[in-house]
Amino acid sequence: MDADARLLESYTAAGEQLLSGLPLRSARDHGQHRSADDVLAAMRAARRAFLGLHAEDVYARLTDGCTVHLRLPELVHAAADRFPGLVPTRAQLAAELEHRQADKDGREIDQGIFCGAVLRSARAGRHLIDAMLLPTPRALELLDDFRAHGRVELASVLVERRSGAAHVTFRNAHCLNAEDNRLIADLETAVDLALLDDQVRVGVLRGGEVDHPKYAGRRVFSAGINLKELRNGRISLVDFLLGRELGYINKMMRGLLTDPAPGASTDRTTQKPWIGAVDTFAIGGGMQLLLVLDRVIAESQAYLSLPAAEEGIVPGLGNLRLTRQTGARLARQVILGGRRIAASEPAGLLLCDEVVPAEGMAEAVERAVRELSAPAVAANRRMLSLAEEPVDLFREYLAEFAVAQSVRAYSEDVLQKVERRWQRAQSQS
């Protein structure tokens, strides 16, 4: 491995030298575009070949034989330091952050190749999943305050404990509660707090009121990925696109890892049931989130959609999970054709447990909290998760998703679509 690592370092250094002589992506002529694409493809082929031989050994080296748990951001930075040329450095990623998505060379694709290779290994992939199920340092810092006061206010999320339930409210009001790097980080902190606090029996997710003129004063569950942030190059593969799946969403489904020693106990996690209260709409990532919840309550005028075909990206783990709830035909209509589902139509009842008028939402949530507070609920939901989505199925899907999503985020059709949307928004403002 060490000899191959030196060869990779030398080969990619030569490639970087060639790239350094080229102008910014949008300023390149046709020949320069072809040259850059050829160099990037050659370096990525070398990285794939190296990881095909050594991915598990690389991970073992980075984690001291799988004895140290590194979260995904820590892991990719450690890989950059320990194996030069394998993944982008902090400096390279920082330089790309200065540019919109269309002007980047897609260095995050190399992170996707690395993460995919790690997840394909049963040993390394399971260890990484465990690492991402551990409580975040920020949650541990805030835990005593939350236990004492039952309330923590984060930049884009409010979490409050009321009558044994942790009410997690999305407060990205300026963008219809759309997802960005900050919201993903705040949601993971809030989920950790809910799972760590012994006074909490159930978690509740709900969107707060938004600022948009069309919906002013109304609650909105989620508008999905913030396409403006994607256009501006501010949606991170590691922190957002992979981090949400391995982080707070997986914690809601599988629980918080509270006993990291393998085989130490039958159940190494702390799990609690989760309720989603859907006001107005749940689009994209918002709808994906509903697929791991134990109870979904929607107001009668709400709708759900996964506009992946329109946006050109992969809808997270929606492709893995939606079929279980809707069947294959409807799942394809939603994912491939962009079908919107009204909560009140028959198809909506495959995704929502209860549909109520807006004024009845608070009462319906309180009733669901009472019903899901029974002691046996956590144990039974754990067994359901094991049956429906074994860890290795999740791991194998995510290994392919890591590469596919990183490539789609830099594909020409996606870049053109987000640019057109941004231009329209600018002309209307």
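Side chains of Asn319 and Pro315 form a contact here, defined as non-hydrogen atoms less than 4.5 Å apart. When side chains are defined from C-beta on, Asp186 does not count as touching Val159, because their heavy atoms never get closer than 4.5 Å. Two residues are said to be in side-chain contact when any heavy atoms from C-beta on lie closer than 4.5 Å; Gln101 and Asn232 fail this criterion. Counting only heavy atoms from C-beta outward, the side chains of Val152 and Leu154 approach each other to under 4.5 Å. Looking at heavy atoms from C-beta onward, Glu311 lies in side-chain contact with Ile225 at the 4.5 angstrom threshold. Contact annotation: the side chain of Ile283 never approaches that of Phe221 to less than 4.5 Å [non-hydrogen atoms, C-beta and beyond].
Atom CD of Glu16 has more than 12 neighbouring heavy atoms from other residues, nucleotides or ligands inside a 6.0 Å radius. The environment of NZ in Lys417 is crowded: more than 12 heavy-atom neighbours from other residues, nucleotides or ligands sit within 6.0 Å.
Looking at Asn172 and Arg182, their side chains do bring a donor and an acceptor atom within 3.5 Å of each other. Of the N and O atoms on the side chains of Gln199 and Arg147, not one donor lies less than 3.5 Å from an acceptor on the other residue. Between the side chains of Arg382 and Ser385, no donor N or O sits under 3.5 Å from an acceptor N or O. Looking at Asn181 and Ser236, their side chains never bring a donor and an acceptor atom within 3.5 Å of each other. Defined by atom type and a distance below 3.5 Å, a donor-acceptor pair is missing between the side-chain atoms of Ser222 and Asn177.
Ionic pairing of Asp37 and Arg44 is not present here: no N-O contact between side-chain nitrogen and carboxylate oxygen is shorter than 4.0 angstrom. Contact check on Asp103 versus Arg100 returns a salt bridge, with a Lys/Arg side-chain nitrogen under 4.0 Å from an Asp/Glu carboxylate oxygen. Residues Arg218 and Glu209 are not paired through a salt bridge, judged by the lack of any N-O separation under 4.0 Å between the basic side chain and the carboxylate. Between Glu371 and Arg201, none of the side-chain N atoms (NZ, or NE/NH1/NH2) sits under 4.0 Å from a carboxylate O, so this pair counts as no salt bridge. Look at Arg244 and Glu179 and you find a salt bridge, because one of the NZ, NE, NH1 or NH2 atoms lies within 4.0 Å of a carboxylate O, short of that distance. One finds no salt bridge joining Arg295 and Glu354 here, because no Lys/Arg side-chain nitrogen approaches an Asp/Glu carboxylate oxygen to under 4.0 Å. Salt-bridge formation is not detected for the pair Arg138/Glu188: no Lys NZ or Arg NE/NH1/NH2 atom is positioned less than 4.0 Å from an Asp or Glu carboxylate oxygen. Checked for salt-bridge contact, Arg126 and Asp392 meet the test: a charged N lies under 4.0 Å from a carboxylate O. Ionic pairing of Arg161 and Asp197 is present here: one or more N-O contacts between side-chain nitrogen and carboxylate oxygen are shorter than 4.0 angstrom. Using a 4.0 Å cut-off between charged nitrogen and carboxylate oxygen, Arg120 and Glu400 count as a salt-bridge pair. One finds a salt bridge joining Arg408 and Asp413 here, because a Lys/Arg side-chain nitrogen approaches an Asp/Glu carboxylate oxygen to under 4.0 Å. With salt bridges taken as basic N to acidic carboxylate O contacts below 4.0 Å, none links Arg219 and Glu299. Under 4.0 Å is where a charged nitrogen must lie from a carboxylate oxygen, and between Glu419 and Arg231 at least one such pair does.
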Worked verdict on Leu142 versus Leu193 for side chain to side chain contact (heavy atoms under 4.5 Å, CB included): CA-CA 8 Å; Leu142 295 170; Leu193 291 172; 4.2 Å; yes

Worked check of side chain to side chain contact (heavy atoms under 4.5 Å, CB included) between His69 and Thr63: CA-CA 7 Å; His69 287 92; Thr63 59; over 6 Å; no

Thr258 vs Leu195, side chain to side chain contact (heavy atoms under 4.5 Å, CB included): CA-CA, chis, key distance, verdict: CA-CA 10 Å; Thr258 49; Leu195 291 169; over 6 Å; no

Leu289 vs Met252, side chain to side chain contact (heavy atoms under 4.5 Å, CB included): CA-CA, chis, key distance, verdict: CA-CA 10 Å; Leu289 180 54; Met252 286 193 296; 3.0 Å; yes

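The distance from the CG atom of Leu230 to the CH2 atom of Trp422 is 14.0 Å, given to the nearest 0.5 Å. The CG atom of Asp130 sits 10.0 Å away from the CG atom of Asp259 when rounded to the nearest 0.5 Å. Once rounded to the nearest 0.5 Å, the distance linking CZ of Arg90 with CG of Asp81 reads 5.0 Å. Here the CG atom belonging to Leu293 is positioned 9.0 Å from the CD1 atom belonging to Ile275, to the nearest 0.5 angstrom. Atoms CG and CZ, from Leu119 and Arg395 in turn, are 7.5 Å apart once rounded to the nearest 0.5 Å. For the atom pair CG of Leu75 and OH of Tyr59, the computed distance is 6.0 Å after rounding to the nearest 0.5 Å.
Under a 3.5 Å cut-off, the side chain of Arg234 and the backbone N or O of Lys228 do not form any donor-acceptor pair. No donor-acceptor distance shorter than 3.5 angstrom exists from the side chain of His212 to the backbone of Leu176, with no hydrogens or angles considered. Under a 3.5 Å cut-off, the side chain of Asp192 and the backbone N or O of Ala139 do not form any donor-acceptor pair. Panel note: side chain His149, backbone Arg151; no donor-acceptor pair is recorded below 3.5 Å. For the pair Glu153 (side chain) and Leu158 (backbone), a donor-acceptor distance under 3.5 Å is absent. Of the possible donor and acceptor atoms, none in the side chain of Lys251 sits under 3.5 Å from a partner among the backbone N and O of Gln271. Formation of a donor-acceptor pair under 3.5 Å by the Arg171 side chain with backbone atoms of Gly208 is not found in this model. Asn226 contributes a side-chain N or O that, together with a main-chain N or O of Glu229, makes up a donor-acceptor pair within less than 3.5 Å. Between the Glu96 side chain and the Leu93 main chain, no donor and acceptor come within less than 3.5 Å of each other. Checking side-chain atoms of Glu245 against main-chain N and O of Leu242 turns up no donor-acceptor pair under 3.5 Å.
In this structure, Tyr303 and Phe281 have tilted ring planes: the angle between them lies in the 30° to 60° band. Using bins of under 30°, 30° to 60° and over 60° for the plane-to-plane angle, the ring pair Phe401/Tyr397 lands in the parallel bin.
Taking both residues in full, the closest heavy atoms of Gln288 and Leu317 are given as OE1-N, 4.2 Å, listed atom of the first, atom of the second, then distance. The two residues Leu306 and Gly284 make their nearest non-hydrogen contact at CD2-O, 3.2 Å. Scanning both residues, Gln405 and Gly316, for their nearest heavy atoms gives NE2-N, 4.5 Å. The shortest heavy-atom contact between Ala302 and Asp279 is CB-C, 4.5 Å. Here the closest non-hydrogen pair linking Ala282 and Leu290 is CB-CD1, 4.0 Å. The nearest pair of heavy atoms linking Leu257 to Pro135 is O-CD, 3.7 Å.
The side chain to side chain contact (heavy atoms under 4.5 Å, CB included) test applied to Val377 returns Pro273, Leu372, Ala374, not counting sequence neighbours. Residues passing the side chain to side chain contact (heavy atoms under 4.5 Å, CB included) test with Glu56, sequence neighbours excluded: Ser121, Arg123.
Taking the ring axis of Phe394 as reference, the NZ or CZ atom of Arg254 stays within 45° of it and closer than 6.0 Å to the ring centre.
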Sequence neighbours excluded and cut-off under 3.5 Å, please list the side-chain donor-acceptor pairs for residues 163-170, or say none.
| from | atom 1 | to | atom 2 | distance (Å) |
| --- | --- | --- | --- | --- |
| His167 | ND1 | Arg162 | NH2 | 3.2 |

